[in-house]
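What follows is one structure encoded as structure tokens, with my remarks underneath.
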Amino acid sequence: MRAIGVFGGAFAPFHNGHLRVAIEARERLDLTQVRLIPTAHAAHRPDSRVSPQRRLEWLRAAVRREKALVPDDREILRDGVSYTVDTLEELRRDFPRAALVLLMGADAFEHFHTWNRWQQIVELAHIAVIARPGSALQLSAETREVLEGRRTDSVAALHEQTAGLWLPLEFPPLDISATRIRRLLAQQRSVRGLVPDAILNTMTAADIAALTQDNDATKH
Ligand code: ATP
């Protein structure tokens, strides 16, 4: 059965850590494509000062040459709070016979039990959790209870059913976060090597000002 990766985030900005997650997951999990989905309005954090449209443009520029990485604007078109469960329900309708694999960093997975209708997410997709510097692979008690007996280390198993399993995905981690990138920009330091050149080369002063304000808002 074919399997499709689903990778969402604020992507403010999309960076090389995100890019490696998408590429490594595609290759290691044998995914036919990875859909990259910028959030319109995240549930747990203030909106980025960078518009969803601009974040999508960055994403498109970054993966233009990567045929299997597909920018997906469904959360932007839907508007309202961007709940992953709604996105997965739509994708399930679009791809009724494919396995869906939700990709998330260990930091996101730690709070998984606070996501809207999170138990349903496990019925709609598999979950692949990617180690991230500074975040141990930790399941909350609630998540552990629901995911009990669903862990696998087998890529083949992900292709045998459309949803319902979780798998830790290990590859050399990149210690890159959007927060650090925004902080460097605020200090007028270079972020080359952290952000794809295709994004950096079109970043305007207004973009940088908006990203800098994001950090003030989240008080990182
Ligand atoms: P911020 O610093 O603003 O929180 P971020 O770098 O964590 O941003 P997001 O857009 O919030 O990026 O993250 C989207 C998804 O990408 C999350 O699941 C997050 O865990 C994952 N992710 C981001 N950077 C990495 C990385 N370097 N390695 C593995 N996963 C990552």
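The first residue of the sequence shown is numbered 1, and numbering continues consecutively from there. Indexing begins at 1, ligand by ligand and atom by atom, following the structure's order.
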message: Could you tell me, atom by atom, which parts of ligand 1 come under 4.0 Å of a heavy atom of M104?
response: 18 (O)
- line: The answer for which part of V21 has a heavy atom under 4.0 Å from ligand 1 is side chain
field: Side chains of N201 and R192, donor plus acceptor under 3.5 Å
entry: yes
message: Under a 4.0 angstrom heavy-atom cut-off, which atoms of ligand 1 come close to A178?
response: 1 (P), 2 (O), 3 (O), 5 (P), 6 (O), 8 (O)
- prompt: Should G105 be counted as touching ligand 1, given the test is an N or O pair under 3.5 Å?
  reply: yes
task: Indicate whether the side chain of S177 and that of R132 have a donor and an acceptor atom separated by less than 3.5 Å.
output: no
- prompt: What do you reckon, is CD of Q187 surrounded by more than 12 foreign heavy atoms closer than 6.0 Å?
  reply: yes
task: Fit a plane to each ring of W115 and F112, take the angle between them on a 0 to 90° scale, and name the class: parallel (under 30°), tilted (30 to 60°) or perpendicular (over 60°).
output: perpendicular
- prompt: Less than 4.5 Å apart, any side-chain heavy atom of I4 and any of T32?
  reply: yes
task: Just go through T179, L194, L102, D175 and tell me whose heavy atom is the nearest to atom 2 (O) of ligand 1.
output: T179
- request: Would you mind listing which atoms of ligand 1 come within a distance below 4.0 Å of any non-hydrogen atom of F11?
  value: 10 (O)
- request: Please say whether A10 places an N or O atom under 3.5 Å from an N or O atom belonging to ligand 1.
  value: yes
- prompt: Which bit of R20 gets closer than 4.0 Å to ligand 1, counting heavy atoms only: side chain, backbone, both or neither?
  reply: neither
message: Using 0.5 Å steps for rounding, measure from the CE atom of M203 to the CG atom of L200.
response: 6.0 Å
field: Heavy-atom check, side chain of T87 versus side chain of S82, under 4.5 Å
entry: no
query: Rounded to the nearest 0.5 Å, how far apart are CD1 of I76 and CG of L56?
result: 4.5 Å
task: Check if G8 has a non-hydrogen atom at a distance under 4.0 Å from any atom of ligand 1.
output: yes
message: As an exercise, identify every atom of ligand 1 less than 4.0 angstrom from a heavy atom of S177.
response: 2 (O), 6 (O)
task: Indicate the atoms forming the closest heavy-atom contact of L36 with F11, along with that distance.
output: C-CE1, 4.4 Å
task: Decide whether the shortest distance between a heavy atom of F7 and an atom of ligand 1 is less than 4.0 Å.
output: yes
message: Could you tell me, atom by atom, which parts of ligand 1 come under 4.0 Å of a heavy atom of G9?
response: 10 (O), 14 (C)
message: Between E57 and R54, does any NZ, NE, NH1 or NH2 come within less than 4.0 Å of an OD or OE carboxylate oxygen?
response: yes
- request: Would you mind finding which of R132, R183, E110, R45 brings a heavy atom closest to atom 5 (P) of ligand 1?
  value: R132
task: For P173 and ligand 1, answer yes if some heavy atom of the residue is under 4.0 Å from a ligand atom, otherwise no.
output: no
- request: Group every Ile, Leu, Val, Met, Phe, Trp and Tyr by side-chain heavy-atom contacts under 4.5 Å, then state whether L91 and L69 land in the same group.
  value: no
- request: Indicate, as side chain, backbone, both or neither, the part of R180 found under 4.0 angstrom from ligand 1 when only non-hydrogen atoms are considered.
  value: neither
- prompt: Which atoms of ligand 1 have any heavy atom of G17 under 4.0 Å away?
  reply: 27 (N)
For A108, atoms of ligand 1 separated by under 4.0 Å from a heavy atom: 18 (O)
- request: Would you mind listing which atoms of ligand 1 come within a distance below 4.0 Å of any non-hydrogen atom of R182?
  value: 3 (O)
